[in-house]
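Before any comments, here is the structure.
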Amino acid sequence: MAHEEHAKSAPPTKLVIRNIGLLLSGDLDQPILDADTVVAVGDRISAVGKEKDVDTSGASVTVDAKGVALAPGLIDSHVHPVCGDWTPRQNQIGWIDSYLHGGVTTMVSAGEVHTPGRPKDVVGLKAMAIFAQRAFHAFRPGGVKIYAGAPVIEHGMVEEDFKELAAAGVKILGEVGLGSVKDGKTARQMVGWARKYGIQSTIHTGGPSIPGSSLIDKDMVLETDADVIGHVNGGHTALPDDQIVALCERSMRALEIVHNGNERSALLALRTAKELGQLKRVILGTDSPAGSGVQPLGIVRMIAMLSALGEIPAEVAICLATGNTAKMRSLNCGLIAPGREASFVLMDKAQHSAGKDLLDSIQKGDLPGIGMVIADGVVSAQRSRNTPPATRVPEVVGK
Ligand SMILES: [Zn+2]
């Protein structure tokens with residue numbers, strides 16, 4: 001905390017990103033902006049526009065985008081972090097830093113459920129949630145901002161527990177259904193208490209993920225009425241098609257599609273939401289680390305898969321992983337607009353892609369090449385070590 005206060009007292013840095021070839025806003029209502037320059041003061045965007053119209057003087061850092069595309073830093077709506085940059089699930093370290101190289105600047109925990117010896121008694125689960133919230137607030141692996149401290153509800157919790165958690169800074173619940181509460185009535189009551197104190201909720205949807213978890217069907221999801229229908233395409237085992245369609249039609253909550261789910265069901269959920277005119281509810285996550293490992297490129301893979309096979313324009317697919325998630329989860333990132341967090345991913349067509357430009361390459365199913373990632377106004381990665389190489393790469397030209 002002490003050094004954060006110190007950093008705040010120093011004059012804020014001014015970041016100017018110029019020569020942007022394509023500005024992807026993250027906003028479904030207007031995915032492409034007619035602008036080539038973004039200015040950030042400290043960790044917030046201060047101006048977006050044509051270079052001649054915005055004040056670029058006095059920059060402490062200038063980035064020449066070299067004509068590539070700029071989008072909001074990607075959001076992974078569904079991760080299972082445990083402690084620092086280590087995951088016991090596959091016993092890997094440095095996984096979060098690797099996701100930064102996949103364009104992810106913000107992650108939302110769906111529960112620190114892989115913690116070895118995870119406490120399931122009420123005092124223990126509250127303590128673990130508060131610990132995780134504090135630890136990830138103070139430590140950002142690679143620069144990635146992680147909203148963690150997501151307790152999994154268990155029988156025995158009372159309203160006072162949710163009030164206490166909220167007062168301690170807990171803002172999200174882990175996936176409902178991963179604990180002992182597996183009936184809609186109890187889940188609905190606890191989700192209601194959480195909501196009353198400003199804590200957002202997510203529910204596991206579909207078959208059990210790993211031995212020990214269990215089936216949550218559409219009736220339980222609808223009765224619980226959590227804010228986010230977590231992995232509507234299963235994680236991995238999906239509900240039958242008619243149940244997925246029913247969740248799209250009969251709920252207005254966020255429809256989360258994950259990389260670690262059933263891809264055919266992902267396309268069904270996407271098409272159904274599109275037909276209902278409710279693409280704004282579709283948000284993306286990886287649901288990793290998990291049995292399928294860590295997926296540094298999981299979000300860009302989802303963007304390419306949904307754009308290519310779900311037949312949505314690439315600039316729209318990018319909104320699912322940025323502005324949509326930010327809006328459904330009340331985050332201040334995910335959109336290129338003054339006042340928003342200054343987190344960006346700069347991308348270009350991957351070298352030798354058959355696409356004619358970045359958007360066309362994604363619509364053809366290729367991954368973008370990431371050339372730079374900026375988290376809260378700080379250049380956190382230059383040419384990605386994980387994506388295929390970008391054709392053109394931005395450069396820091398002045399400090
Ligand atoms: Zn799950």
Side-chain angles (χ1 to χ4, degrees), residues 75-82 87-90 95 107-115 118 120 125 128-129 132 146-154 172-184 186-188 190-191 194 199-240 243-244 247-248 251 253-266 268-269 281-295 298-299 302 325 328-329:
I75 307 168
D76 188 333
S77 171
H78 193 131
V79 294
H80 291 293
V82 164
T87 170
R89 174 49 65 183
Q90 300 300 345
W95 69 277
M107 293 178 164
V108 182
S109 174
E112 296 78 35
V113 291
H114 301 155
T115 303
R118 165 166 71 102
K120 293 176 180 166
L125 76 87
M128 192 180 86
I146 303 161
Y147 294 97
V152 172
I153 56 172
E154 302 281 356
I172 41 178
L173 288 189
E175 285 175 77
V176 173
L178 297 189
S180 58
V181 176
K182 300 190 191 291
D183 67 289
T186 309
R188 185 184 184 89
M190 290 188 183
V191 160
I199 299 174
Q200 197 181 57
S201 54
T202 299
I203 188 163
H204 173 95
T205 307
S209 300
I210 49 171
S213 77
S214 53
L215 167 73
I216 305 289
D217 67 5
K218 75 127 177 20
D219 293 331
M220 165 105 179
V221 173
L222 289 172
E223 186 175 1
T224 302
D225 194 33
D227 299 304
V228 175
I229 300 175
H231 51 65
V232 68
N233 61 320
H236 288 266
T237 311
L239 293 173
Q243 294 202 25
I244 292 173
L247 290 175
C248 296
S251 164
R253 301 299 184 183
L255 297 164
E256 184 187 73
I257 295 176
V258 301
H259 186 263
N260 269 343
N262 178 317
E263 292 177 336
R264 193 187 62 82
S265 304
L268 171 69
R281 288 167 58 204
V282 178
I283 65 177
L284 307 186
T286 54
D287 190 8
S288 63
S292 292
V294 305
Q295 293 130 12
I299 295 294
M302 296 282 294
T325 314
M328 295 306 297
R329 289 192 172 279

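Just so we're clear, the structure is a prediction, and the values are computed from it rather than from any experiment. In each ligand, atom 1 is the first atom listed, and ligand 1 is the first ligand listed. For this chain, numbers begin at 1 and follow the sequence in order.
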Angle, NE2 of His231 through the Zn ion (ligand 1) to ND1 of His204 - 10° precision: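 ND1 of His204 and NE2 of His231 make an angle of 90° at the Zn ion (ligand 1), to the nearest 10°.
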Minimum-distance pair of heavy atoms, taken over all atoms of Arg329 and Thr202: NH2-OG1, 3.3 Å
Quick check: closest heavy atoms across Ser251 and Arg253, and the distance to 0.1 Å? OG-N, 2.9 Å
Does any N, O or S atom in Asp287 come within less than 2.8 Å of the Zn ion (ligand 1)?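 Asp287 does not place any N, O or S atom closer than 2.8 Å to the Zn ion (ligand 1).
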Would one find more than 12 heavy atoms of other residues, nucleotides or ligands at under 6.0 Å from atom CD of Glu263?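 Result for CD/Glu263: open.
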Shortest-distance N/O/S atom, Glu175 versus the Zn ion (ligand 1):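 This turns out to be OE1.
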Between Ser209 (side chain only) and Gly235 (backbone N and O only), is there a donor and an acceptor less than 3.5 Å apart? yes
